[in-house]
Amino acid sequence: MRIEQHPILEFEKGEKIKFYLDGKEMIGFKGDTIASALYASGIYKLSESKKLRRPRGIFCAVGHCSSCLMIVDGIPNVRTCTTPLKEGMKIETQNQEVVLNE
Amino acid sequence: MNNIEKAELIVVGGGPAGLSAALAAADYGVNVILVEEREFLGGQLVKQTHRFFGSEKEYAGTRGIDISKFLVEKIKENENIKILTSSRVLGIYNDKIVTILANNKMIKYSPKALILATGASEKFLAFENNDLPGVFGAGAVQTLMNLYGVLPSKKILMVGSGNIGLIVSYQLLQAGVKVACIIEAAPRIGGYSVHASKLARMGVPILTSHTIKKAVGKDKVEGAIICQLDSSWREIKDTEQFIKCDAICLSVGLSPLTDLLKQANVKTSYVPELGGYIPLRDENMETSIKNLFVAGDVSGIEEATSAIIEGQIAGLNVAKRIKKDIDNQVKIEKKIAEAKDELELLRAGPVGEKVRNGLKKIGLDPLKNYGEKVSTEEFDISFLMKTGIPSKENLKKKLPLSEDVFNKGPIAISECFQQFPCDPCVKSCPFDAISENGSINNIPYVNFEKCTGCGICVSKCPGLAMFVVQKNYTDSTSLVTLPYEFLPKPVKNQIVLVLNREGTEICEGTVKRVRDGKIQDKTTVVTIEIPKEYFLEARNIKVDGGQKHG
Amino acid sequence: MKNRASVVVIGGGVVGNSIAYNLAKRGVEDVVLVERSFLASGATGRCGAGVRQQWGTRQNCLLARESMKVFENFKDTLNVNVDIELKQKGYLLLAYSNNELEQFKKNIKVQNSLGIPSKLVTPQEAKYIVPDLNTDKLIGGAFCPTDGHANPFKVTYGYSKAAENLGVEINKFTEVNEIKTEKGKIIGVQTNKGFIETSKVVDAAGGWSQQIAKMVNAELPVYSERHEILVTEPIKPVLDPMLMSFSYNIYCQQTPDGSFIMGYGPDNEPPSFDMHSSWQFLETMSKKAVWLLPPLNKLRIIRQWAGLYNMSPDKQPIVSKIKEVENFYVACGFSGHGFMIAPAIGVLMADIITESDLTYNVVLDIERYKRGEIISEPSVV
Amino acid sequence: MDENKVIICRCEDVTLAEIRNLIKQGFTTVEEIKRLVRSGMGPCQGKTCGLLIAREIAEITNTSIEKIEIQNMRPPYGGVTFEEVIAGDTIEE
């Protein structure tokens, strides 16, 4: 969910950005990071931890922890909380099977 | 392997400390490369919607977001500063080469000096399911809602009552999130009392001596189990309580982000008063490695205002070392001395004690040059620091001694009971009616003789602790003027619910005046007419038609 | 800490722990090991973690094969419940010249004679074993399927636990300040935590072996040299064997957790105790790695570090007693391959100290240099 | 409290139970624990777990936390791909 009105801040929604999560089409806005766009769309689980398979979501949102790592356009371990969202990005939920694509 | 670029100064980190360090050095002609990991400058300031405390000289009374805009503009105008955003310092090697990842390339610099202003990272807490989606650091919550306009939750549990926990709780309310409660493991609220009071009058419970045991939920937080702690911080049996919420916000402190310093083998020491492992440094902010300076939270956790001044000190010292002509030397020396005085002033009061103790541990004397006397006057604020609600005795000390004073018309009441460095109320009064008895660290008092009840201070106080009352508005009613920072804004003649300092509804009131101009800068000043019996109770309002979110 | 010991072993790396364990196994009582920092904090914990049997001399092949037997049966042999994360997916050695290939052929003969199952491979076969391999300029290679990788911390920890089980006292964070002698005989070791009376000392201090030897006025013919290494973030397994080339100068392997570890032998590195990482290494290593395995291009390097190779004149270990001081023993000069032969070295040192016949027919004594009996091993990075 | 469900190192999925077990076995430095269970070896390099582990060590060994060393930090901070390293080296060649 997005904040529509705020007593102090003004949020100007940028233009719509289309992207894909595990093949499904999603919408974010210019200015979003991958994680903020996903969270606003109700996606809270971003990855699964490698040994214990625990669900993980956004934790620090400043690129310090490893909670929000996902596969973005084939590149694994991308910190989605600090990576700006771009048109057509293909995002995949990351689990232990991280593969290297060229 | 030879494409190493030369540089005079590299500043790492584009937050308040880094920005002011870059500016301070660049003003004397030093060529600065400012490196920031994110795609924007401003650091944590860009999320700070509240007004800052401290001295007006260091932007007190101004919102963090606006301080950021101001500093960033100055940085962009300065042609001695090259800005590298979306760039990360990768390594500081033994041969003093600094590698930076910028535009998908690792580039190399050989700088004469380095200032690390890398800030802090949030501390984590060990409890069951502490990694469940929906468990956030306070910074993450702020980032989501204030930077990206994304609602982090509908109902949240706040863990930690330091200034960040309190400020973020208030910001959550402003964004339309319910705050189930704020829990604090210590027996006392950690942050400033004025922040706690803002939340208390919104009806948010603050539970001291409480901690979180467990996050509950399958794929996302659905609630939390909290419990009470005894005086030795041990769990009290059978005090478990389930709190229904869809997010948990951890605000349990910051620790300096010393990764690059450790990499460069700067000597560090564990100083709990300053947040953990901090670099050893001298009073000019230079570390154990020559020409490697630090500023801001990375050198020890403090407020943004101290970070700004530390940045200046570091930047000026680099300028002094690089620009060697006599004229500059004298000017720079003077500026360094001024900045140091300013910093000492900020740290001089009771809330600065922790920082002072921490600095002593690394061999610095934080009050060396400081002669000003801080008042020894003290309020017994134990109840206030447990609940956020001032005691009757506290209030009495800030009210006129004689009832007659109320007869003269509207007067300002300051509900500020704690000594900390802050002066916007004093500086904003056009009638010179508010005084701190010569020290920014003292508690402000209103001179009721001089006060006209104009209400300028109501929107200027960063703690929202200034009110104006006019007891005898009519025979049966009083006027109370208060700050209001929520939506929807009330309109004239509207009937609103009136709340007391505990957030309890006490009566209805009629809006008589709404001031929402440039001076108020979004802290709306609302005057309501209420039954006379409540003129010392009414401190908040509830306006129909709460905020909506899509 | 004990104040008397029959033998004091200085150095808590894999070699020191293996020696302590083997001494105790022979029934030597009151063995005490001292380590300045934590176990495996020096070269052991900083090494590339490869274990290979493909050597050019008979004695190196023998030591490696015997050590591999221990790695393969670690839990049973040492009677400890420690998983050393042994991965036996082979070592692929790459040849870029006919000379190199000829050498491999000679080596394989020696290896096969000792039962090491190595064989020559064509560039096509190499590509089959490592599909991502760039085979440009590749003439052929050698492959031994039973070579591989083990976790150096776990191996060291396993040895120390096994040693402790047999009564050895392991003292971490204990620094040796002085070795006291009287009339050319050792009388004890002074540490920062107290004095240990002893007549026998083993110097297994890795990069600092020569410093320890100086305490008894012995000059060892070894010096230390910085070697660097890096590790990447983990990804799904794509590289089975350790890749290695002597002429292209690289070693690279994917560990069981999925990260790549790699390094190369530096040119013109001066003798020193410097353990700082360098940006020069990062750059050279990156170019080498990406040329050899192009898909690594997009993989993220997350850490680089350095350690010390203790270099000997013939790049072969010195496992020996010394002439100058009675009952002072050295296990040093491993020149970068101490980890993979540590199990056998422990056995040898125990032979020497207990004055038994050598279990393995090898020449590693320090007098070999005077005799001119230099070991010439063609297969080192 | 179920120590197996308290996560200390997110990157490498290390639980409080594992950390406490190692400390009780005598591994009382952050560096040793890191080498045995990989805590702090993941992408974040110990930013969230380092302090928690130091605190556990202090508590269990009854040592003041001031005496406990935090983990070493190594370059490259935050990681860098091979491609990015090479790109920088060849710009002006």
Side-chain angles (χ1 to χ4, degrees), chain B residues 1-5 12 37 88-94 97-108 118 120-132 135 137 213-215 225 227 235 253 255-266 268-272 275-277 361, chain D residues 1-17 19-20 30-31 39-40 44-59 63-93:
Chain B
M1 277 205 202
N2 300 317
N3 46 339
I4 298 170
E5 296 185 38
V12 188
E37 201 172 350
R88 174 161 25 88
V89 171
L90 296 167
I92 300 171
Y93 290 91
N94 207 28
I97 299 295
V98 176
T99 53
I100 299 173
L101 178 62
N103 289 321
N104 302 107
K105 269 187 216 147
M106 184 178 92
I107 47 177
K108 302 185 287 281
T118 48
S121 64
E122 286 183 279
K123 286 182 182 159
F124 192 35
L125 202 61
F127 58 91
E128 225 175 297
N129 299 329
N130 53 353
D131 60 336
L132 196 63
V135 176
K213 279 192 76 177
K214 185 177 181 174
I225 293 171
C227 70
E235 181 185 345
S255 59
L257 194 51
T258 54
D259 296 35
L260 285 173
L261 289 165
K262 293 279 289 181
Q263 217 195 70
N265 296 310
V266 164
T268 59
S269 174
Y270 187 87
V271 182
Y277 296 89
K361 283 190 181 172
Chain D
M1 184 169 59
D2 185 350
E3 290 177 9
N4 288 304
K5 287 186 180 163
V6 180
I7 301 297
I8 298 297
C9 167
R10 280 166 185 262
C11 307
E12 297 289 336
D13 247 5
V14 183
T15 66
L16 182 61
I19 298 290
R20 288 192 171 159
V30 178
E31 285 293 325
S39 50
C44 99
Q45 294 284 291
K47 268 192 212 68
T48 42
C49 66
L51 213 53
L52 287 178
I53 296 173
R55 233 183 263 162
E56 281 299 320
I57 295 170
E59 197 153 300
T63 319
S64 140
I65 187 159
E66 274 93 341
K67 297 215 169 81
I68 299 188
E69 290 246 9
I70 203 80
Q71 72 272 16
N72 291 326
M73 291 295 170
R74 312 269 189 215
Y77 175 69
V80 59
T81 65
F82 287 101
E83 172 174 77
E84 289 163 342
V85 173
I86 296 168
D89 192 34
T90 48
I91 19 178
E92 273 139 339
E93 277 170 25

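Convention: sequence-line order gives letters A, B, ...; per-chain numbering from 1. These numbers were taken from a predicted model, which means no experiment stands behind them.
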Report the C-alpha distance between D:Met1 and B:Glu235 in whole Å, list the side-chain angles of each, state the deciding distance to 0.1 Å, and finish with yes or no for side-chain contact (heavy atoms from CB on, under 4.5 Å). CA-CA 11 Å; D:Met1 184 169 59; B:Glu235 181 185 345; over 6 Å; no
Compare every heavy atom of B:Gly91 with every heavy atom of D:Pro75, then report the nearest pair and how far apart it is. CB-CA, 4.1 Å
Between B:Pro272 and D:Glu66 the two heavy atoms that sit nearest each other are CD-OE2, 3.7 Å
So for D:Ile65, is it side chain, backbone, both, or neither that comes closer than 4.5 Å to the heavy atoms of chain B? both
Working to the nearest 0.5 Å, report the span between CE of B:Met106 and CD1 of D:Ile86. 10.0 Å
Working to the nearest 0.5 angstrom, can you tell me the gap between D:Gln45 CD and B:Gln263 CD? 10.0 Å
Begin from the C-alpha positions of D:Leu52 and B:Phe124 and carry the test side-chain contact (heavy atoms from CB on, under 4.5 Å) through to its verdict. CA-CA 7 Å; D:Leu52 287 178; B:Phe124 192 35; 3.6 Å; yes
Please classify the contact between D:Gln71 and chain B as side chain, backbone, both or neither, with a heavy-atom cut-off of under 4.5 Å. backbone
Ranked by heavy-atom pairs below 4.5 Å to chain D, first place among B:Asp259, B:Val89, B:Leu101 goes to B:Asp259
Locate the shortest heavy-atom distance separating B:Leu90 from D:Gly79; write the atom from each residue and the value. CD2-O, 3.6 Å
Please round to the nearest 0.5 Å and tell me the distance separating atom CD1 of D:Ile70 and atom OG1 of B:Thr268. 8.5 Å
When heavy-atom pairs shorter than 4.5 Å are enumerated against chain B, which of D:Ile68, D:Asn72, D:Thr81, D:Leu16 gives the highest number? D:Ile68
Would the distance check show the side chain of B:Asn130 and the main-chain N or O of D:Ile7 forming a donor-acceptor pair, the cut-off being under 3.5 Å? yes
Can you name the nearest heavy-atom pair linking D:Asp2 to B:Glu128, along with the distance? N-OE1, 3.0 Å
Who among B:Leu257, B:Asn103, B:Thr99 has the most heavy-atom pairs with chain D under 4.5 Å? B:Leu257
Which heavy atom of D:Tyr77 sits nearest a heavy atom of B:Leu260, and at what distance? CB-CD2, 3.9 Å
When rounded to the nearest 0.5 angstrom, what is the spacing between NZ in B:Lys105 and CD in D:Glu84? 11.5 Å
Stepwise side-chain contact (heavy atoms from CB on, under 4.5 Å) check, D:Leu51 with B:Tyr277: CA-CA 9 Å; D:Leu51 213 53; B:Tyr277 296 89; 3.5 Å; yes
Proximity breakdown for D:Arg10 and chain B, heavy-atom pairs closer than 4.5 Å: side chain
